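Down below is the structure, laid out as structure tokens.
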Amino acid sequence: MEREDSFPQRVWQIVAAIPEGCVTTYGDVAKLAGSPRAARQVGGVLKRLPEGSTLPWHRVVNRHGQISLTGPDLQRQRQALLAEGVVVAGNGQIDMQRYRWNY
DNA sequence: ATCCTGACCTGAC
DNA sequence: GGTCAGGCCAGGA
């Protein structure tokens, strides 16, 4: 029995706790996960998410308040955010000062 | 055990 | 205000 949840599991927990209509950064998620410098790993976890997962991964963006994805994935995340009332520019830019979620 | 990779961050020019 | 290089952490081969 694992005494402590693994990082992916922690990331899932944290991302799942992000309120609807809000966004956060990979760095913040990593910080809450206990490893402030493991922001990259957060992205790696979200990338390997199972299809059936209801995890709101689209609420996680980079430090610049911009979607780090490209092409169809970028559009998908943008649509998901727009559906929640988050204003996202065509290039994936988001007004962090307005939607940033602080634990 | 080693080496490479990555949906990043920070500091410096 | 942008761009470049370095670093850090965890997973997978």
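Just so it is clear, the structure is predicted and the values come from calculations on it, not from any experiment. So you know, we letter chains A, B, ... as the sequences are listed, proteins then strands, and number each from 1.
- A donor and an acceptor atom, one from each side chain of A/Arg78 and A/Gln75, are located under 3.5 Å apart.
- Looking at A/Gln77, its side chain does come within 3.5 Å of a backbone N or O of A/His58 through a donor-acceptor pair.
- Contacts of A/Pro36 with the nucleic acid, taken as non-hydrogen atoms under 4.0 Å apart, are absent.
- To the nearest angstrom, C1' of C/dG2 lies 14 Å from CD of A/Gln93.
- In this structure, the CH2 atom of A/Trp57 is 18 Å from the P atom of B/dG6, given to the nearest Å.
- Residue A/Ser35 places no side-chain N or O under 4.0 Å from the OP1 or OP2 atom of C/dC8.
- Atoms CG (A/Asp73) and P (B/dA7) sit 10 Å apart, rounded to a whole Å.
- Looking at heavy atoms from C-beta onward, A/Tyr99 lies out of side-chain contact with A/Arg59 at the 4.5 angstrom threshold.
- At the heavy-atom level, A/Tyr26 lies under 4.0 Å from base atoms of the strands shown.
- In this structure, the CG atom of A/Leu49 is 15 Å from the C1' atom of C/dG11, given to the nearest Å.
- Here the P atom of nucleotide B/dA7 and the CZ atom of A/Arg59 are 22 Å apart, to the nearest Å.
- Rounded to an integer number of Å, the gap from NZ of A/Lys31 to C1' of C/dC9 is 16 Å.
- Nearer to the 5' terminus of DNA chain B, by closest-nucleotide assignment, is the contact made by A/Val60 (compared with the other of A/His64 and A/Val60).
- With a 4.5 Å cut-off on side-chain heavy atoms, A/Leu55 and A/Leu46 count as touching.
- Phosphate contact (OP1/OP2 of B/dC8, side-chain N/O of A/Ser68, threshold under 4.0 Å): present.
- Residues A/Lys31 and A/Asp28 are not paired through a salt bridge, judged by the lack of any N-O separation under 4.0 Å between the basic side chain and the carboxylate.
- Taking the side chain of A/Gln41 as heavy atoms from C-beta on, and the options B/dA7, C/dA10, B/dC9, the nearest nucleotide is C/dA10.
- B/dG6 atom C1' lies 20 Å from atom CZ of A/Arg63, rounded to whole Å.
- For DNA chain B, each stem of at least three Watson-Crick or G-U pairs (distances under 3.5 Å) is given as range with range: B:2-6 with C:9-13, B:8-13 with C:2-7.
- Put simply, CD1 on A/Ile14 is 17 Å from P on B/dC8, counting in whole angstrom units.
- Taking CH2 of A/Trp12 as the reference point, atom OG of A/Ser53 lies at 8.0 Å (rounded to 0.5 Å).
- With distances taken from any side-chain atom of A/Lys47 to the nucleotides B/dA7, B/dC9, C/dG11, the minimum falls on B/dA7.
- To the nearest 0.5 angstrom, A/Ile67 atom CD1 is 5.0 Å from A/Ile94 atom CD1.
- Of the possible polar contacts, one joining the A/Gln93 side chain to the A/His64 backbone as a donor-acceptor pair under 3.5 Å is found.
- Between A/Arg48 and A/Arg37, it is A/Arg37 whose nearest contact on DNA chain C lies nearer the 5' terminus.
- When distances are taken from the side chain of A/Ala39 to each of B/dA7, B/dG6, B/dC9, the shortest belongs to B/dC9.
- Within the 4.0 angstrom heavy-atom criterion, only backbone atoms of the sugar-phosphate kind lie near A/Gly27; the bases stay farther away.
- Scanning atom types as modelled, one donor and one acceptor separated by under 3.5 angstrom connect the side chain of A/Arg40 and the base of B/dC8.
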